[in-house]
Amino acid sequence: MTDHVSTHQAEEDARNESILIWVDGALKPKAQAVVSVYDSGFMLGDGVWEGIRLYNNRWAFIDEHVDRLFEAARAIDLDIGRTKQQVIDAVLETQAANGMVTDAHCRLMVTRGVKTRPFQHPRLSQQGPTMVIIMEHSRPKLPRPITLATVPHLRGLPMTQDPKLNSHSKLNCILACIAAQKAGADEALMLDVHGFVNTTNACNFFIVRKGELWTSTGDYCMNGITRQKVLDLARANGIVARERNFSLVETYSADEAFLTGTFGAQTPVGMIDGRVIGTGQMGPVTERIRGLYKALVGA
């Protein structure tokens with residue numbers, strides 16, 4: 001398959017060429033929004049980030065996203081240097097400067113900042129953190145259900161790099177995505193350290209079996225905010241939702257499969273490892289969850 005699509009595929013929007021990007025308190029045109037080659041994020045992937053989505057002038061779950069940003073920063077001993085409200089205010093400032101009211105996506109990034117010398121030790125980052133907000137007009141555009149291929153790359157144990165950490169260092173997931181595309185799929189299905197189905201390189205993964213919604217235990221994946229909202233919505237609306245271990249055998253014979261993430265919300269999966277899932281199209285449970293989620297976010 002050569003017509004690859006992705007969970008972050010969006011309509012082209014010419015307005016994105018003239019966006020203003022927030023860089024350490026200053027709003028800069030796209031071509032001028034740069035950071036130092038000595039920045040810890042560029043040099044080592046030393047930083048944390050969040051993606052937030054704008055629906056009808058409301059940033060969905062922004063408090064939860066900013067809370068998670070600060071939790072991740074604490075985990076890597078990074079002082080953001082701003083309060084949570086100041087971070088939210090910076091998002092709102094960027095939104096106002098770009099005149100955005102809906103269908104926008106925000107990438108909020110904080111790194112350990114500029115280093116004094118080009119080496120690993122965090123003590124060399126002495127100038128304070130770098131914070132950047134990229135905000136684009138962005139309407140998802142998925143021409144067909146996505147295809148997945150299982151890859152050898154795992155979401156590993158927390159004593160290596162905890163998969164719950166939304167860090168700038170995403171090389172493991174990038175390599176997984178490359179392996180999937182080499183196999184002819186769009187994105188990668190990743191297993192956990194025990195061989196159970198876990199997540200994809202970019203999103204959380206769900207299957208539907210006999211009307212029940214299944215996702216991984218969450219022990220080895222990013223516990224996504226959209227993932228949790230889907231679980232909550234299902235349980236509040238009479239859909240059995242289980243966080244459990246399940247295998248590729250159970251996945252291949254599922255009635256439906258879909259991915260969850262901030263950008264695409266719920267993305268249907270049509271094929272995994274060359275096997276058609278259900279009808280290969282969006283199933284009724286996925287469609288119902290989508291409707292419930294749209295109502296929740298006011299889309």
Write out all pairs satisfying ring pair (Phe, Tyr, Trp, His ring centres under 6.0 Å) with one or both partners inside residues 77-134, taking only residues at least two apart or from two chains. His105-Phe263

Between Leu108 and His65, does a side chain to side chain contact (heavy atoms under 4.5 Å, CB included) hold up when you go through it step by step? CA-CA 10 Å; Leu108 170 59; His65 280 287; over 6 Å; no

In Å, rounded to the nearest 0.5 Å, how long is the span from CD1 of Ile272 to OG1 of Thr251? 6.0 Å

Side-chain ion pair, Asp63 and Arg68, N-O less than 4.0 Å: no

Show your working on side chain to side chain donor-acceptor pair (under 3.5 Å) between Ser253 and Arg209 and close with a plain yes or no. CA-CA 8 Å; Ser253 59; Arg209 289 178 60 88; 2.7 Å; yes

Residues passing the ring-ring contact (aromatic ring centres under 6.0 Å, His included) test with His153, sequence neighbours excluded, are none

Rounded to the nearest 0.5 Å, the CZ atom of Arg15 sits from the OG atom of Ser138 at a distance of 10.5 Å

Any donor-acceptor pair under 3.5 Å from His4 side chain to Ala185 backbone: yes

Between Lys84 and Asp67 (salt bridge meaning N to carboxylate O under 4.0 Å), is one present in this structure? yes

Phe246 side chain reached by Ile207 side chain, heavy atoms, under 4.5 Å: yes

Which is it for Phe258 and Val285 under the side chain to side chain contact (heavy atoms under 4.5 Å, CB included) test, yes or no, and what are the steps along the way? CA-CA 10 Å; Phe258 65 91; Val285 176; 5.5 Å; no

Donor-acceptor contact present, side-chain Asp39 to main-chain Val35, <3.5 Å: no

Short side-chain donor-acceptor distance under 3.5 Å, Asn57 and Gln95: yes

Applying the side chain to side chain contact (heavy atoms under 4.5 Å, CB included) criterion to Val208, which one of Ile289, Ile239, Leu213, Ile277 satisfies it? Leu213

Gln9 side chain to Ser6 main-chain N or O, any donor-acceptor pair under 3.5 Å? yes

The criterion is side-chain hydrogen bond (donor to acceptor under 3.5 Å, both in side chains); which residues satisfy it with Ser125, sequence neighbours excluded? Ser40, Lys115

Is the terminal nitrogen or CZ of Arg53 (NZ for Lys, CZ for Arg) located under 6.0 angstrom from the six-membered ring centre of Trp59 and within 45° of that ring's axis? no

Looking at Gln161 and Ser169, would you say the former's side chain and the latter's main chain have a donor-acceptor pair under 3.5 Å? yes

Without swapping roles, check the side chain of Asp255 against the backbone of Gly278 for a donor-acceptor pair under 3.5 Å. no

Looking at Glu64 and Lys229, does any basic side-chain N land under 4.0 Å from a carboxylate oxygen? yes

When you compare the side chains of Ser216 and Glu243, does any donor N or O come within less than 3.5 Å of an acceptor on the partner? no

Calculate, to the nearest 0.5 Å, the distance between atoms CZ and CD1 belonging to Arg112 and Ile80 respectively. 11.0 Å

Ignoring hydrogens and geometry, is there a side-chain-to-backbone donor-acceptor pair from Thr199 to Cys203 under 3.5 Å? yes

For residues 290-299, dump all side-chain donor-acceptor pairs below 3.5 Å to protein atoms at least two apart in sequence or in another chain.
from: Arg290; atom 1: NE; to: Gln266; atom 2: O; distance (Å): 3.0
from: Arg290; atom 1: NH2; to: Gln266; atom 2: O; distance (Å): 3.1

I'd like to know if Val110 and Leu124 are part of one continuous hydrophobic network [Ile/Leu/Val/Met/Phe/Trp/Tyr, side-chain heavy atoms within less than 4.5 Å]. no

With a 3.5 Å cut-off and sequence neighbours excluded, list the donor-acceptor pairs that the side chains of residues 187-194 form with protein atoms.
from: Glu187; atom 1: OE1; to: Thr7; atom 2: OG1; distance (Å): 3.3
from: Glu187; atom 1: OE2; to: Thr7; atom 2: N; distance (Å): 3.0
from: Glu187; atom 1: OE2; to: Thr7; atom 2: OG1; distance (Å): 3.0
from: Asp192; atom 1: OD1; to: His194; atom 2: N; distance (Å): 2.7
from: Asp192; atom 1: OD1; to: Gly195; atom 2: N; distance (Å): 3.0
from: Asp192; atom 1: OD1; to: Phe196; atom 2: N; distance (Å): 3.0
from: His194; atom 1: NE2; to: Tyr220; atom 2: OH; distance (Å): 3.1

Is Met135 reachable from Leu92 through a run of I, L, V, M, F, W or Y residues, each pair having side-chain heavy atoms under 4.5 Å apart? yes

Starting at CG of Asn98, measure out to CG of Leu54 and round the result to the nearest 0.5 Å. 11.0 Å

Worked check of side chain to side chain contact (heavy atoms under 4.5 Å, CB included) between Asn166 and Met222: CA-CA 7 Å; Asn166 227 9; Met222 167 61 66; 3.4 Å; yes

Counting distance only, does the side-chain N/O of Thr286 pair as donor-acceptor with the main-chain N or O of Met282 below 3.5 Å? no

Thr147 side chain to Met271 backbone, donor-acceptor under 3.5 Å: no

Quick one: does Asp273's side chain have a donor or acceptor within less than 3.5 Å of a partner on Arg275's backbone? no

In residues 19-27, what donor-acceptor pairs under 3.5 Å come from side-chain atoms, sequence neighbours left out?
from: Trp22; atom 1: NE1; to: Glu93; atom 2: OE1; distance (Å): 3.2
from: Asp24; atom 1: OD1; to: Met131; atom 2: N; distance (Å): 2.7

Are the side chain of Arg155 and the backbone N or O of Thr200 linked by a donor-acceptor pair below 3.5 Å? yes

Between Glu212 and Arg244, does any NZ, NE, NH1 or NH2 come within less than 4.0 Å of an OD or OE carboxylate oxygen? no

